[in-house]
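First comes the structure, then the notes that go with it.
None of the values given here were measured: they were computed from a predicted structure.
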Amino acid sequence: MSQDEPMRPRVLAIDDSDLVHRLLRARLRHERIDLHSVYTADEGIAAAKELQPEVILLDIDLEDLDGFEVLARLKADPSTRDIAVIFVSASNETMDRVRGLDLGAVDFVGKPFDVGELKARVRSALRMQRLVKMLAQRAQLDGLTGLWNRAYLDDRLEAETASAIRYGNPLSLVLCDLDRFKNLNDTYGHPFGDEVLERTAAILGSGRSPDVACRYGGEEFALIVPGTDLQETIEVADRHRVRISEIQWPERPGVHVSASFGVADLSCISGTPTPEKLIMVADQALYRAKNSGRNQVVGADVQIWPRSATG
């Protein structure tokens, strides 16, 4: 696969028959998928966690565990519960099909399987997974600004904190609040307020590729900054602050928009670092920025970045 070719969807086959695996490879060889094969239930559950396939083809009659138990375990694990599972079985019992569907399988293919039917059902499951992922992603986007929303921020910050602690890497969080935003809304109307939010979001979202920009709520934004310590992140935040303060509003002559920033990293936290503590410390720094004149960046070490003359 070339570097320019998108990653093909992964399909995991869990079956204790080598013949079935050879048939699957032969029948699906022209499909644009990466097919992975395992022979036992334990291997299948482990492979599902590691590979995170889009679709699993699961036999009911496995030697170590039956397919129903495998499916139940996959659905009970948050890391695998959203994977589409198609039962592939010689069983013609209606109750087996009903039980599998009730447990969360999306489809059922009988053995010996018809090639056309198998391909169609795999393609259908892949289309459904793409749609589910699109909907899930949209549910994590802020409708006005297009940035990630608060729900995504919470999940991502938890994951980034765990990773930073595990590997000993720095992690910073920036909280940004537009100054006197209520006055802008009251004076110029909500459509202008929305424009301010959109243009601020565009600036925060156009920074360094590892940084994760989110709408925290109302006129507040958050920036997750992996691999960067407090001082470096203060500099990142100040570049955003300057760009926001330099926005021109031709239809609103004389209007000046500014923002205040609070910055914290994991080293600012006493005790065991948690996402909640990181947010709290950054929020305290933001509070000091707002109460020290606005239009400035304050780090959790109480260092105040020099504000502009218009602050």
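Cluster partners of I86, by chain and number: V11, L19, V20, L23, L24, L28, I33, L35, V55, L57, V88, V106, V109, F113, L118, V122, L126, M128, V132. The rule joins Ile, Leu, Val, Met, Phe, Trp and Tyr whenever side-chain heavy atoms lie under 4.5 Å apart.
In this structure, the side chain of E54 does not engage the main chain of A125 through any donor-acceptor pair within 3.5 Å. Judged by distance alone, with hydrogens and angles left aside, the side-chain atoms of S163 form no donor-acceptor pair with the main-chain N or O of A159 at under 3.5 Å. In terms of modelled atom types and a separation under 3.5 Å, the side chain of S245 and the main chain of V242 share a donor-acceptor contact.
Pairs passing the salt bridge (Lys or Arg N to Asp or Glu O under 4.0 Å) check and including a residue from residues 17-31, sequence neighbours excluded, read D18-R22, E31-R123.
Looking at S172 and D265, their side chains never bring a donor and an acceptor atom within 3.5 Å of each other. Side-chain contact, S89 with R97: no donor N or O sits under 3.5 Å from an acceptor N or O.
Note: the hydrophobic cluster containing V225 does not contain L171 (ILVMFWY, side chain heavy atoms under 4.5 Å, direct or indirect links).
Between D102 and R99 no salt bridge is recorded (no basic side-chain N to carboxylate O distance below 4.0 Å).
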Test side chain to side chain donor-acceptor pair (under 3.5 Å) applied to S260 and D177, step by step:
CA-CA 5 Å; S260 301; D177 185 88; over 6 Å; no

Please determine whether side chain to side chain donor-acceptor pair (under 3.5 Å) holds for the pair S206 and R243, giving the CA-CA distance in whole Å, both sets of side-chain angles, and the decisive distance to 0.1 Å.
CA-CA 11 Å; S206 64; R243 289 186 62 194; 3.2 Å; yes

With side chain to side chain donor-acceptor pair (under 3.5 Å) as the criterion, how do S17 and D15 come out once you've worked through the C-alpha distance, each side chain's angles and the decisive distance to 0.1 Å?
CA-CA 6 Å; S17 168; D15 199 297; 4.5 Å; no

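Taking all atoms of both residues into account, the shortest heavy-atom contact from A300 to C268 is CB-SG, 3.6 Å.
Under the ring pair (Phe, Tyr, Trp, His ring centres under 6.0 Å) criterion, F181 pairs with no residue at all, not counting sequence neighbours.
Aromatic ring pairs are classed by plane angle as parallel below 30°, tilted from 30° to 60° and perpendicular above 60°; the pair F87 and F108 is tilted.
The cationic group of R252 does not satisfy the cation-pi geometry with Y188, failing either the under 6.0 Å distance to the six-membered ring centre or the 45° limit from the ring axis.
Heavy atoms of other residues, nucleotides or ligands lying less than 6.0 angstrom from CD of E158 number 12 at most.
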